[in-house]
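Each remark here refers to the structure printed beneath this line.
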Amino acid sequence: MRWSKALIPTHKEDPSDAETTSHKLMLRSGYIRKLTSGVYNYLPLGRRALLKVEAIVREEMDAVGCQEILMPVLSPSELWKETGRWDVYGKELWRVRDRNSREFALGPTHEEVVTDIVRNEVRSYRELPFTLYQIQTKFRDELRPRFGIVRSREFLMKDAYSFHRDEESLDETYKSICDAYTRIFERCSLTFRPVEAATGAIGGSHSHEFMVLSDTGESEIIVCECGYAATDERAEGAVDPHPCDEAPGEMERVDTPGMKTIEQVSEFLGIEPHKLVKTIIYEADGRTVAALVRGDREINEAKLSMALKADLVVPAPPDVIEKLTGAPVGFAGPVGLDGIDVIADHTVEPLVNVVVGGNAQDVHLKNVKPGRDFKVTAFHDIVLVRKGDRCARCGAELNSFRGIEVSQAFKLGTKYSSGMNATFLDEDGVAKPFIMGCYGLGVSRTVAAIIEQHNDKDGIVWPLSVAPFAVEILVVSMKSEECTTLADTLYTDLKTAGVEVLYDDRDDSAGVKFKDADLVGMPLRVTIGARGLKSGVVEARVRKTGEVSEIPVDDAVQGILHILETLR
RNA sequence: CGGGGCGUGGCGCAGCCCGGUUAGCGCGCCUGCUUUGGGAGCAGGAAGUCGGAGGUUCGAAUCCUCUCGCCCCGACCA
């Protein structure tokens with residue numbers, strides 16, 4: 001591609017509305033442009049990077065025997081109502097109507113659609129197992145799109161769905177696809193880590209996420225030196241108890257005007273946060289419950305929903321809280337909270353003389369003792385594990401990292417097949433629901449993750465495997481006919497040799513071109529200038545290392561191919 | 001949805017508080033000449049309904065009301 005004819009609008013300055021490195025760089029280097037919040041145009045370089053990642057994903061999926069299909073973006077609401085997700089998925093599901101007011105969803109994921117295909121077409125266990133996948137634009141009306149294409153409302157995703165006769169078969173495919181994911185991310189030169197994950201809204205029994213390690217990641221992962229790694233939602237760990245051997249005192253009412261948060265109450269009363277108990281009111285599948293955790297800790301809603309055996313657990317809206325506690329949000333407590341279940345974390349059990357909300361405005365209670373002053377329906381592990389807690393497996397201290405979630409795999413079991421009456425006839429003549437797995441991989445997000453990990457102060461530093469072009473030819477001055485003739489020839493010869501080349505043939509000053517070359521980040525830059533030609537060489541510079549080699553003009557193609565080989 | 005911030009040529013910003021002629025600056029863009037090894041120089045030039053609507057005023061980018069859009073924090077979330 002000749003730069004002079006290409007749409008590669010680079011900018012000298014950072015855009016004002018970008019925060020993260022990858023977002024800034026993709027905008028500055030002319031890879032993407034925002035159309036509206038969370039919706040992006042991919043310009044030529046961005047499109048090429050996306051296609052590179054897509055090709056790797058396709059190769060590895062095909063290599064483990066998956067079959068590519070293409071399902072529609074548009075799917076009728078009836079299908080979503082069959083599984084209940086029309087209601088459960090919430091506002092994130094992008095809904096549209098046709099001219100007859102019939103409702104549709106813009107697909108955020110395709111369990112329903114693929115299950116519909118399979119229930120219509122597959123009858124016998126003899127046809128199992130198999131995996132279908134697609135690479136397609138997905139829509140999610142995110143509450144808060146951010147970080148450019150890391151979290152956008154329209155994005156490119158590879159989603160795969162496997163169908164099985166039994167769990168063993170699912171386990172096998174699950175593993176082979178996780179292995180394929182490992183190869184995909186290795187080929188993208190990413191530093192990543194598969195971690196155990198909570199199952200969330202998609203459902204199912206077992207899940208892993210692949211996390212690209214990055215400080216700008218939105219996810220927190222908990223890791224242990226023993227090899228254990230999980231998302232913070234999923235992580236199990238032992239929280240160090242704060243021993244409490246004081247003699248229990250009399251429960252006492254204290255005024256705490258305007259003190260709503262743990263920090264405020266703690267500071268106001270001069271009592272450490274771990275001697276407070278936090279009471280959060282939730283709605284679990286419509287049922288109101290109170291969840292209790294030690295004041296210095298957070299509640300893990302995923303664990304809470306498992307403890308409650310509920311599908312959907314959300315913090316109760318303020319009006320529900322006010323009606324229940326008789327106080328504004330911030331003063332809820334378990335004492336006298338009759339009629340609803342009170343679930344407490346194990347860390348609450350041994351405490352004495354704690355402070356809790358008083359269920360009245362500007363009132364807390366102190367010297368409260370669980371079990372004596374209020375009843376706990378059940379103790380569960382509902383605390384959010386964090387750095388410094390003890391590994392549940394080996395007891396070592398846990399560490400934490402930030403990560404960008406680039407893929408997630410689920411063992412769905414029969415959640416969708418039973419809900420949609422998708423069955424096959426097994427060997428014993430009995431109709432059974434398909435056992436399913438699903439495997440998502442964010443293609444556009446992966447592109448952003450690669451840039452997040454591969455950049456320097458001058459711009460993007462593409463790994464060769466996903467670079468839009470392998471080589472950029474840079475002609476120092478377009479006024480020198482000797483240089484442009486050589487560059488034209490080299491451009492043609494490299495293309496003939498199968499090398500993807502970006503040829504900066506713009507009549508701009510050398511400085512501009514060097515800066516732009518660094519910014520757009522192709523792995524190898526070949527500079528053609530009068531200086532080198534004097535001694536009959538062109539200069540090849542590796543973007544990543546800055547390493548420069550002089551290649552004789554006569555041997556340029558071979559020399560470049562050789563260097564590219566070392567970059568593989 | 002709650003909190004905060006921002007909308008002024010293509011990009012980045014100033015001006016607004018304290019209303020007053022032709023709305024500035026840097027970059028970019030166009031023309032010409034000179035340049036070309038790390039964001040060139042000189043000369044000339046084009047380009048802005050100051051996000052939109054309404055209001056106050058002799059007069060609004062500036063003050064008021066409403067509205068739309070964008071960003072950040074939170075809540076929420078494959």
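Quick note on labels: first sequence line is chain A, next is B, and so on, each numbered from 1. Note that the coordinates shown come from a computational prediction; the quantities given were computed from them, not determined experimentally.
- In this structure A/Ser417 satisfies the side-chain contact (heavy atoms from CB on, under 4.5 Å) test together with A/Thr414, A/Ala422, A/Pro433, A/Phe434, A/Met436, sequence neighbours excluded.
- The interatomic distance linking A/Arg153 (CZ) with B/rA78 (C1') rounds to 17 Å, in whole Å.
- Listed by residue number, A/Arg28, A/Lys34, A/Thr36, A/Ser37 are the residues of residues 24-38 of chain A with a heavy-atom contact under 4.0 Å to RNA chain B.
- Pairing for B/rG24 goes to B/rC13, judged as Watson-Crick or G-U wobble with the two contacts each under 3.5 Å.
- For the pair A/Tyr40 (side chain) and A/Ser152 (backbone), a donor-acceptor distance under 3.5 Å is absent.
- With C1' as the reference atom, B/rG54 and B/rG74 are 34 Å apart, rounded to whole Å.
- Within 4.0 Å of A/Phe210, counting heavy atoms only, lies no atom of the nucleic acid at all.
- Distance noted for atom C1' between B/rG51 and B/rC73: 24 Å (whole Å).
- In the interface, the side chain of A/Asp14 is not paired with the base of B/rG12 through any donor and acceptor atom under 3.5 Å apart.
- For B/rU57, there is no paired nucleotide, since no Watson-Crick or G-U wobble pair has both relevant distances below 3.5 Å.
- OP1 or OP2 of B/rG12 has at least one side-chain nitrogen or oxygen of A/Ser16 nearer than 4.0 Å.
- The nearest whole Å value for the distance from the CD atom in A/Gln136 to the C1' atom in B/rA78 is 15 Å.
- Spacing between B/rC13 and B/rC18 at atom P, rounded to whole Å, works out to 25 Å.
- Ion pair A/Arg58/A/Glu54 flagged as a salt bridge, since at least one NZ, NE, NH1 or NH2 atom sits closer than 4.0 Å to an Asp/Glu carboxylate oxygen.
- Salt bridge status for A/Lys415 with A/Glu111: absent, with no side-chain N to carboxylate O gap under 4.0 Å.
- Because its NZ or CZ atom is both nearer than 6.0 Å to the ring centre of A/Trp86 and within 45° of the ring axis, A/Arg95 counts as a cation-pi partner of that residue.
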List, with names and distances, any nitrogen or oxygen atoms from the protein found under 3.5 Å away from nitrogen or oxygen atoms belonging to nucleotides 41-44 of chain B.
none

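- Side-chain atoms of A/Thr10 lie closest to B/rG39 of the nucleotides B/rU36, B/rG37, B/rG39.
- Contact between the side-chain N/O atoms of A/Ser477 and the OP1/OP2 oxygens of B/rU36 is not found at any separation under 4.0 Å.
- Within residues 517-533 of chain A, the residues having any heavy atom closer than 4.0 Å to RNA chain B are, in order of number, A/Asp518, A/Arg525, A/Thr527, A/Gly529, A/Arg531, A/Gly532.
- Evaluation of the side-chain contact (heavy atoms from CB on, under 4.5 Å) rule for A/Leu143 yields no partner, not counting sequence neighbours.
- Using Watson-Crick or G-U wobble geometry with both donor-acceptor distances under 3.5 Å, B/rG2 finds its partner in B/rC73.
- To the nearest angstrom, C1' of B/rG39 lies 11 Å from CZ of A/Arg506.
- Nucleic acid contact for A/Asp159: none, since no nucleic acid atom lies under 4.0 Å from a heavy atom of the residue.
- Rounded to a whole angstrom, the distance from the C1' atom of B/rA23 to that of B/rU65 is 25 Å.
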Would you tabulate the pairs of protein nitrogen or oxygen atoms and nucleotide nitrogen or oxygen atoms of nucleotides 72-76 of chain B closer than 3.5 angstrom?
| residue | atom | partner | partner atom | Å |
| --- | --- | --- | --- | --- |
| B/rC72 | OP2 | A/Arg144 | NH1 | 3.4 |
| B/rC73 | OP2 | A/Arg144 | NH1 | 3.1 |
| B/rC73 | OP2 | A/Arg144 | NH2 | 2.1 |
| B/rC73 | OP2 | A/Arg146 | NH1 | 3.3 |
| B/rC73 | O5' | A/Arg144 | NH2 | 3.3 |
| B/rC76 | OP1 | A/Glu301 | OE2 | 2.9 |

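- Listed by chain and residue number, A/Lys479 satisfy the salt bridge (Lys or Arg N to Asp or Glu O under 4.0 Å) test with A/Asp507 (two or more places apart in sequence, or in another chain).
- Computed from coordinates, the A/Arg234 CZ to B/rA78 P distance equals 15 Å when rounded to whole Å.
- The existence of a salt bridge linking A/Glu547 and A/Arg541 is excluded, since no basic side-chain nitrogen approaches an acidic carboxylate oxygen closer than 4.0 Å.
- To the nearest angstrom, P of B/rG38 lies 12 Å from CZ of A/Arg541.
- Across all strands shown, B/rC50 remains unpaired; no Watson-Crick or G-U wobble contact has both distances below 3.5 Å.
- Comparing A/Arg151 and A/Ala510 by the nucleotide of RNA chain B that holds the closest heavy atom to each, the one mapping nearer the 5' end is A/Ala510.
- A/Tyr181 and A/Phe210 have perpendicular rings, their planes meeting at more than 60° on a 0 to 90° scale where under 30° would count as parallel.
- One P atom belongs to B/rU22, the other to B/rG28, and the distance between them is 30 Å to the nearest Å.
- Ion pairing between A/Asp516 and A/Lys12 fails under the 4.0 Å rule for side-chain N and carboxylate O.
- We find that CD of A/Glu209 is positioned 8 Å from C1' of B/rA78, with the value rounded to whole Å.
- Considering all non-hydrogen atoms of both residues, A/Ile321 and A/Ala316 come closest at CD1-O, 3.4 Å.
- Legend: residues meeting side-chain contact (heavy atoms from CB on, under 4.5 Å) with A/Ala409, ordered by chain and number and at least two apart, are A/Tyr174, A/Cys178, A/Tyr439.
- Here A/Ser219 pairs with A/Met211, A/Glu405 under the side-chain contact (heavy atoms from CB on, under 4.5 Å) rule; sequence neighbours left out.
- Ion pairing of A/Arg140 with A/Glu154 is absent here, as no side-chain N (NZ or NE/NH1/NH2) approaches a carboxylate O to less than 4.0 Å.
- The nearest heavy atom of RNA chain B to A/Lys513 and to A/Val150 marks one nucleotide each, and the one closer to the 5' end goes with A/Lys513.
- Pairing of B/rG32, defined by two Watson-Crick or G-U wobble distances under 3.5 Å, is identified with B/rC42.
- Applying the salt bridge (Lys or Arg N to Asp or Glu O under 4.0 Å) test to A/Arg402 and every residue at least two apart in sequence or in another chain returns A/Glu220.
- Salt-bridge formation is not detected for the pair A/Asp508/A/Lys513: no Lys NZ or Arg NE/NH1/NH2 atom is positioned less than 4.0 Å from an Asp or Glu carboxylate oxygen.
- Formation of a donor-acceptor pair under 3.5 Å by the A/Arg153 side chain with backbone atoms of A/Ser37 is found in this model.
- The P atoms of B/rU21 and B/rU36 are separated by 46 Å, rounded to the nearest whole Å.
- Between the side chains of A/Ser162 and A/His164, at least one donor-acceptor pair of N or O atoms lies under 3.5 Å.
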- Where along nucleotides 25-30 of chain B does protein come under 4.0 Å, by heavy atom, of base (B) or sugar-phosphate alone (S), with - for untouched nucleotides? -BS---
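- Distance check on atom C1': B/rC50 versus B/rA14 gives 13 Å, rounded to whole Å.
- Nucleotide B/rG7 is matched to B/rC68 when pairs are restricted to Watson-Crick or G-U wobble geometry with both distances under 3.5 angstrom.
- Separating the CG atom of A/Asp504 from the P atom of B/rG39 is a distance of 15 Å, rounded to the nearest angstrom.
- Scored by the salt bridge (Lys or Arg N to Asp or Glu O under 4.0 Å) test, A/Lys138 finds A/Asp159 as partners (sequence neighbours excluded).
- Comparing the same atom, C1', in B/rC29 and in B/rA46 gives a spacing of 8 Å after rounding to whole Å.
- When rounded to the nearest whole Å, the span between CG of A/Leu474 and C1' of B/rG37 equals 9 Å.
- Closest contact between the side chain of A/Asp516 and the listed nucleotides B/rG37, B/rA78, B/rG39 involves B/rG39.
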